[in-house]
Each structure stands twice: as C-alpha cells, then as structure tokens.
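Worksheet for the structure shown next.
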Number of protein chains: 2
Amino acid sequence: MDKKRELPADVIEIAKFAKALSHPVRVYILKKLAGMNTCCYSGNIVEELPIGRSTLSQHLKELKYAGLIQGEIEAPYIKYCLNRENWENLKKIFGDFINTEG
Amino acid sequence: MDKKRELPADVIEIAKFAKALSHPVRVYILKKLAGMNTCCYSGNIVEELPIGRSTLSQHLKELKYAGLIQGEIEAPYIKYCLNRENWENLKKIFGDFINTEG
DNA sequence: AATATATTTCGTATTTTTGCGAAATATAAA
DNA sequence: TTTATATTTCGCAAAAATACGAAATATATT
C-alpha cells in the first residue's frame with residue numbers, strides 16, 4: 001500500500017486543463033476557435049453571450065494563462081486564436097486520460 | 001452575427017464534467033478507479049494523498065454528485081467504484097470536444 | 001490634437017471551493 | 001451492550017472564482 005505522497009505530475013496537469021474548461025464561457029470560446037479554423041474578436045464573442053465585456057476579458061485572460069489561446073493586436077481589435085501547440089497537448093493529455101484502462 | 005443567447009447545452013455539459021476534474025485529488029481518484037478494474041476504499045485513498053479524511057470525503061461527494069462514482073456499503077467500509085455508464089458518457093463528451101474541427 | 005472605438009485593468013461584492021478538526025453515524029467485533 | 005473502526009457531516013475559516021461598472025489604455029480616424 002502506497003504511503004502518503006504528493007500528487008503525480010500528470011494528474012496535476014489534467015486538473016489544470018480541466019480547470020481551464022470548467023466554465024461554460026471558456027468551453028464556448030475554445031470550441032468556437034477549434035471549430036472555425038480561424039480567429040475571432042472579443043467584441044464578436046461578447047455579443048453572442050450573456051456576460052459583460054470585462055467578464056469576458058477575464059475568461060480570455062485565464063485561457064491565455066492556461067496557454068490555450070493567444071491574442072494578437074490588430075488595432076483597434078485584438079484577434080484571438082487557438083494556441084495550436086497547447087491545444088494538441090490538451091488533446092493528448094485528455095485522450096490518454098479517457099483511455100485509462102486496467 | 002449571432003445575437004446574445006444562453007450557452008448551448010453541450011457546452012454546459014462539458015464544463016460540468018471538466019469542473020468535476022478540476023481538482024487533482026478528484027482526477028487521481030478517477031484515474032485510479034478507471035485504471036484498476038476494481039473498486040477502492042476511502043481509507044486506502046487517504047493514505048496515499050496529502051489530505052485529511054473529511055476533505056477526501058468532500059471530493060468523493062462531488063464525484064458522486066457528478067455521477068462519476070458510486071459508493072456501496074461494505075461495513076465498516078464503503079467501497080467506491082466508477083460509474084461505468086457515466087464514465088463512458090464523459091469519454092464520449094470529451095472525445096467529441098477534443099475532436100472539434102472546422 | 002481631439003475624438004471615437006475596442007479592450008483591459010481596477011476596485012469591489014458575492015458566491016463557491018477547499019480544507020480542517022470535532023462530533024455524529026453506522027456497524028462489526030468483543 | 002460496550003468498544004473499536006471507517007466514514008461522513010457539521011461548523012468554520014481562508015482562498016479562489018465569478019461578475020459588474022467605471023476608469024484606464026491603446027490606437028485609428030478626423
């Protein structure tokens with residue numbers, strides 16, 4: 001029987017990505033960006049959702065922090081795109097997790 | 001351009017499952033249960049992790065609430081097992097999500 | 001330089017999550 | 001029936017997440 005220990009790194013990584021996906025607004029944004037093979041603007045997203053601009057901004061910030069999206073200035077807009085590299089990483093991590101087998 | 005609307009049901013469902021996975025202790029438990037093709041006891045889990053018994057109990061409660069595990073009394077223990085049906089559901093939901101394409 | 005537009009940051013309030021120890025519960029064993 | 005064991009629930013405190021409007025920032029246009 002294993003003794004008390006820290007949680008394994010892969011488990012922590014799964015939880016970190018899951019946390020980024022734990023709010024429907026963030027899932028919506030990621031799904032949109034992964035679905036369109038293009039990018040989008042904060043202003044367009046906020047028109048589709050029942051939240052304010054500053055709230056959206058916070059969700060975008062969290063997705064940036066998780067490395068899942070990136071913003072590029074295209075003044076006066078900011079164009080948000082999926083971070084393909086980390087998105088692939090998330091796919092791998094989650095793919096492995098849901099295929100956990102005995 | 002779409003007008004402000006509620007978030008789609010599938011997006012909400014993804015976020016709900018992601019929330020259940022947003023804490024490493026809960027990921028650890030699910031991974032363990034999905035990996036072993038068997039069940040386990042609260043007492044065995046708590047010995048492996050750096051958290052107290054009542055804290056673990058709360059995490060188990062959340063996983064139960066999310067429908068991902070179920071407990072069966074096997075006095076004086078409680079045997080926790082994966083809820084295979086909902087686990088399959090999570091696999092499908094997440095599988096579809098990570099395969100979101102343009 | 002002044003104005004208009006898009007977005008973020010700040011300050012704040014509310015709610016939710018996380019964690020713990022003590023007490024309660026339930027049941028097996030003596 | 002008493003005692004011991006496993007787990008949960010309760011009560012609480014601290015931290016994090018969520019949301020908003022007002023103000024700040026940055027930059028294009030006039």
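Nothing here was measured: the structure is a model prediction, and the numbers come from that model.
The side chain of A:Leu60 approaches C:dT8 more closely than any other nucleotide in the set C:dG19, C:dT7, C:dT8. In this structure, of C:dC20, C:dT7, D:dT7, it is D:dT7 that holds the atom nearest to the side chain of B:Arg53. Among D:dT18, C:dT27, D:dA16, the nucleotide with an atom closest to any side-chain atom of A:Lys19 is D:dA16. Here C:dT9 is the nucleotide among C:dG19, D:dT8, C:dT9 with the atom lying nearest to any side-chain atom of A:Lys61. Listed candidates were C:dT8, D:dT9, C:dG19. Nearest to the side chain of A:Tyr80 is C:dT8.
Between B:His59 atom NE2 and C:dT16 atom P there is a gap of 18 Å when expressed in whole angstrom units. Across the protein-nucleic acid pair, B:Leu7 atom CG and D:dT18 atom P stand 13 Å apart, rounded to whole Å. A:Lys79 has its NZ atom 19 Å from the C1' atom of C:dT8, to the nearest Å. The CG atom of B:Leu56 sits 10 Å away from the C1' atom of D:dT7 (whole-angstrom rounding). Here the C1' atom of nucleotide C:dT7 and the CG atom of A:Leu63 are 16 Å apart, to the nearest Å. Counting to the nearest Å, the P atom of D:dC20 and the CG atom of A:Leu49 are 11 Å from each other. In this structure, A:Ile73 places its CD1 atom 11 Å from C1' of D:dT25, rounding to the nearest Å. Between the P atom of D:dT27 and the CD1 atom of A:Ile78 lies a distance of 10 Å, rounded to the nearest Å.
One finds a side-chain N or O of A:His23 lying less than 4.0 angstrom from the OP1 or OP2 phosphate oxygen of D:dA19. Taking only side-chain nitrogens and oxygens, A:Thr55 never comes nearer than 4.0 Å to OP1 or OP2 of D:dA19. Look at A:Ser42 and you won't find any side-chain N or O under 4.0 angstrom from OP1 or OP2 of C:dA6.
Judged by distance alone, the side chain of A:Ser57 and the main-chain N or O of A:Ser54 form no donor-acceptor pair under 3.5 Å. Judged by distance alone, the side chain of B:Lys79 and the main-chain N or O of B:Glu72 form no donor-acceptor pair under 3.5 Å. Between the side chain of B:Lys4 and the main chain of A:Val46, a donor-acceptor pair closer than 3.5 Å is present. Side-chain atoms of B:Arg26 do not come within 3.5 Å of backbone N or O of B:His59 as any donor-acceptor pair.
Residues A:Ala75 and A:Val25 both approach DNA chain D. Their nearest nucleotides, taken by heavy-atom distance, put A:Val25 toward the 5′ side. Residue order along DNA chain D, read from the 5' end via each residue's closest nucleotide, puts A:Glu62 first among A:Glu62 and A:Pro76. Take the nearest nucleotide of DNA chain C for A:Ser54 and for A:Tyr77: the residue whose nucleotide is more 5' is A:Tyr77.
Minimum heavy-atom separation, A:Val11 to A:Leu7: CG1-CD2, 4.4 Å.
Not a single donor-acceptor contact under 3.5 angstrom links the side-chain atoms of A:Gln58 to the base of D:dA17.
Within the nucleic acid shown, B:Ile51 comes within 4.0 Å of sugar-phosphate atoms alone, with no base atom in reach, counting heavy atoms only.
Relative orientation of the B:Trp87 and A:Phe97 rings is perpendicular, given thresholds of 30° and 60° on the angle between their planes.
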